Amino acid sequence: MILRKSILRTIKEKKFQYIGVVFLLVLAVTLYTSLSMAISTLDQRNRIFKNDYKQETFHFMTREPLKNSQLQELESEYDVTLEERRFQDLDIDQDAVLRLFNTSEEVNVPFVSQGVMPQGKNEIALAKVFAEQHGYEIGDSITLAGTKAEVTGYVYLPDYIYMIQQQSDLLSNPDQFGFGITSKETLVNIQGEEQIQVIGWSETNSVPEGMRASVNEKSTLLQFVGHEDNARIQFVENEIEGAQTTITTLPLFVLALSIAMVLLLMKRRLDLQRKEIGTLMAIGYRKNELIRHYLGYAWFVGLSGTVLGTLAGIGLSIPLSNLYAQFFNLPSLSLFDWDPMVLVLGVATPLGLLLVLTFIVIWRALKVDPLTLLRPKEMATGKKSWLEKLPVLNSGNFIKRFRLRLMVRSKWRSFYIFLGVMFSTVLLFFGLIMFNSMDRLVETTYEEIYTYDYAIHYKTLMTDTDETKDGISPYTSSEVEVTTENDTNKALIYGIEPGTEYLNLSSEGEKLNDRLSEGAVLSKPLAAILGVSEEDEITLTNSLNDEKRTIEVAGIADVFIGTSIYLPKSEVNEFLGFPGNAYTSIWQGQKPKMNENIFMIEDKQKVIESFESNSGATKSSVIGMAVFAVIIGVIVLTLLTNLIVEENSPSISLFKVMGYHDKEVSKLVLSVYTPVVMLSFFASIPLAVLSLEGTMNSLVKETGFLMPTEVSWWMVLIGFSVITLTYALSLTLSKQKLKKVSLQEALKKQQD
Amino acid sequence: MTINVENVTKTYESGEVTIHALREATLKIPDHKIVTILGPSGSGKSTLLNVIGGIDRFDSGTLVVAGQQLEFLKDHQLTDFRRKYAGFIFQQYNLIPTLTVQENVEVGRELSENPLDMKSMLEKVGMYDKKDKFPYQLSGGEQQRVAIARALIKNPQFLLCDEPTGALDEVTGKKILRLLKYVNEEFGTTVLIITHNHGIGAMAHKIIKMSSGSIVESFDNESPVDPEKVTWA
Ligand SMILES: Nc1ncnc2c1ncn2[C@@H]1O[C@H](COP(=O)(O)OP(=O)(O)O)[C@@H](O)[C@H]1O
Ligand SMILES: [Mg+2]
């Protein structure tokens, strides 16, 4: 069709508008494609690594190591593959810990990505990110507790995908912790405390029933961790699952803004071309031919947006995948390890939506008969909308009436501006709140509430009288099941001395330790998972002996990390069937010395440091979000104000003819939407808080932490300035267009 | 007989009042003739033309054009009817501003299965030299020539011209009338011209006069004059 030429010429003439919407679409598609590709890469790699390299189903540690014959017995009884694996935690470069394993062969098979597997004496392979962080290259030598060893390669372990030292650690930090593998002989020769664990693999990928008890009979279990409770394995799976929401929500929003803009432009175009449509209809063009013709705009925007967006998305997915590689130790096992479906969806969804919605707009415009279209619009629809009949719109001076009419006439535009500002504001506040809450989370949980410096976990139940010493506070902790009306979850129970100086349970400054006599105090994440609040009842089940106890929730402390229940120690000991003076761990202020009774030492300062080293990444992603919010805001507002200038150019021209200055005219026409922008901004703040809370709550089960979502006045101030500046910027851009409106415009239009 | 109008009535309800745009109009228009419809503003001329051209519906009566009984046609059949038989010329030319002269004519050409030759059409309307110009670069008369070429290129049976010279001065207007006469002679196209300019009636084979929706007079003109000779009101 020759008419196609007219589309291209129109687009060329209205470059700015079409570039704007295409850009919005590109953003949406880029976001979606890059995130999806990165996640699907992660997913694919995780799946292959897990299956091909026999990721463990569980692992356990016993007080006395099991003999080979005992392992074989278990293997045949439960149809599992078991392998003993030894490891040592070694101090490296002052502040870091390297967990050195012997090379396992049947379960958690290591994958060497570069270099070779360590074979000979004093050869080791290091986790890649750890090696990079500490500057070890292949061929370098590394000193391990006095023994010099050579780095032969970079290695990945299927059970250390998320590389954390302790299960309770939240953040992986290769600066502080990493792993390596070496031969058994080398490991034995290195001086230090060697630990033995058994790693197990089952075809069904679930822990066989009764196995845990059976192991416990052979030797007391110190630890038994199924893969579902193993953060090093589970975290990446949670990330993959959790990311789906972000991957779709954010791009969908931008997509909606972009499509809405296309529809507004389309409506505007069809309005402008009423006469042309009427003419074409009169001379015999069929409705479907005209629909096809006008859909050309949607095809143009849709195709250029999705194609450019997909290309940019593919490009961006590479650094994004690399970023993920910093957090998750997954080797790239194949070249093509992402889902091509991502590309199909990334193109088909926006294109399909755009075409269908534009089709509807065009179809509705073409329902009008040609004669009506050939008449000028004012005559065709002589009616005023009910809004325009409101008395406020017909009182006051001419300028006020003009502005109010402008706003009312284009209610969809007002709505669009409202949505655009809302999107930017919500995004901005997400960023601001998160920026703040990382600090708040650490401050409240680790500084105000956890006042200890070290937590020491023993291998066995302790009863001796260390606890009488000054500066030491014993406590009992164990895993229990918590049941509410709705469902059952796992949690950590802490039996503490209510008067302890090392745990200052509080909620918004109010101390809760005294309430322990009335019932349990819960951490925030647990309360969110269970959906309980103060005075609700929960039932605890001791998983070892199935004993139950129902207690009231006496308070919810501002502990933002972990699913914990706090109760008096005596009560917990009784519940768990321990002697009254028993304890499993202690808190203290001084750095402890390692001894053979100690299972693990937790250094609070290190946890805080790893949070802080991570907050850099969070903060830069927050800045990214803010920039994104501003870009979207500027585009949306500029496009809209531009459209308004274009549409009102006859009036603008008339104002100019009458002697108004550009400045006055722009104030008159452009700032019409200021109240809408302000209204949207303030309405969006609670929305941002609510939706962030919702997101956090929906993810709390996977992440195990909640973020405080408070808005402070400084956030409102920053947000307000950013949005105002964004608005001002787009007004400035549109003013350029307003200046170009010629004086003849007013006369020209009247002739038509 | 190409066009046969019988008792065609059309009314508009405008609030309390009923406007009779056409009152039982009856009329036969022979093939290959030039017909002018005269009458004061609001007398129903455009309504009559639109009804004949199939861009408007009527309330009662019968209307047969090119063998098709229009009141029985569905919307899409009406479109096909227009596509095949009718050519429209508007007072405001209604060219597509983003297309060149030739492209605008192409818009009409694409509607026909056996259109006329583009080059000779442009030459015949005298616009070949300006075939690559855009409408805004043309004078009103030139634009109307392009509109005529657009309507003619699909070789329609009749041309419906609603005040084709209404926006033109005498010299340019007469040139357009010449062109219409030429078209009628060269292609045998029936040409219906609405005008409130009574002088133009002199060039027609048949003259129809309308007043408040009714056809008040209809007579043949035995000796149509040359368009140059009409008196311009
Ligand atoms: N869409 C419409 N709605 C209401 N009245 C109309 C409409 N179109 C035409 N009319 C009325 O019908 C009558 C005939 O109009 P028209 O055929 O346009 O007259 P003419 O072309 O002779 O000036 C006029 O009174 C006009 O006001
Ligand atoms: Mg008329």
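Each chain gets a letter, A, B and so on, in the order the sequences are listed, and its residues count up from 1. Fair warning: this is a prediction, and the values are worked out from it, not measured in the lab.
- No more than 12 heavy atoms of other residues, nucleotides or ligands shown are found within 6.0 angstrom of NZ on B:Lys175.
- Considering CG of A:Asp369 and CG of B:Asp75, their distance stands at 8.5 Å, rounded to 0.5 Å.
- B:Lys130 NZ: 12 or fewer foreign heavy atoms inside a 6.0 Å radius.
- For the pair B:Phe90/A:Lys275, no side-chain contact is recorded, criterion being any heavy-atom separation below 4.5 Å from C-beta on.
- Here the straight-line distance linking atom OG1 of B:Thr98 with atom NZ of A:Lys12 works out to 12.5 Å at 0.5 Å rounding.
- The heavy-atom pair separating B:Phe134 from A:Arg9 by the smallest distance is CE2-NH1, 3.6 Å.
- Atom CD of B:Glu110 and atom CG of A:Leu3 lie 6.5 Å apart (nearest 0.5 Å).
- In terms of non-hydrogen atom pairs under 4.5 Å with chain B, the most contact-rich of A:Glu276, A:Arg286, A:Glu289 is A:Arg286.
- Within the 4.5 angstrom heavy-atom criterion, only side-chain atoms of A:Leu374, from C-beta onward, approach chain B.
- Within the 4.5 angstrom heavy-atom criterion, only side-chain atoms of B:Lys154, from C-beta onward, approach chain A.
- Taken from CD1 in B:Ile89 to CD1 in A:Ile283, the straight-line distance is 10.0 Å, to the nearest 0.5 Å.
- Residue contact with chain A, scored on non-hydrogen atoms closer than 4.5 Å, involves the side chain of B:Arg150 exclusively.
- Atom CG in B:Leu99 sits 12.5 Å away from atom CZ in A:Arg4 (nearest 0.5 Å).
- When heavy atoms are compared at a cutoff of 4.5 Å, B:Asn104 does not approach chain A at all.
- Within 6.0 Å of the CD atom in B:Glu113, the count of heavy atoms belonging to other residues, nucleotides or ligands does not exceed 12.
- Atom-to-atom distance recorded for B:Asn50:CG and A:Leu371:CG is 4.5 Å, nearest 0.5 angstrom.
- The contact between A:Lys5 and chain B is made by backbone and side chain atoms together, counting heavy-atom distances below 4.5 Å.
- For A:Leu280, the part lying near chain B is the side chain, with the backbone staying farther off; criterion is any non-hydrogen pair under 4.5 Å.
- Residue A:Lys287 qualifies as enclosed at atom NZ: its count of foreign heavy atoms under 6.0 Å is above 12.
- The number of heavy-atom neighbours closer than 6.0 Å to CH2 of B:Trp232, taken from other residues, nucleotides and ligands shown, is above 12.
- Residue B:Lys84 qualifies as open at atom NZ: its count of foreign heavy atoms under 6.0 Å is 12 or below.
- Between B:Ile96 and A:Gln273, the closest side-chain pair of non-hydrogen atoms is not below 4.5 Å.
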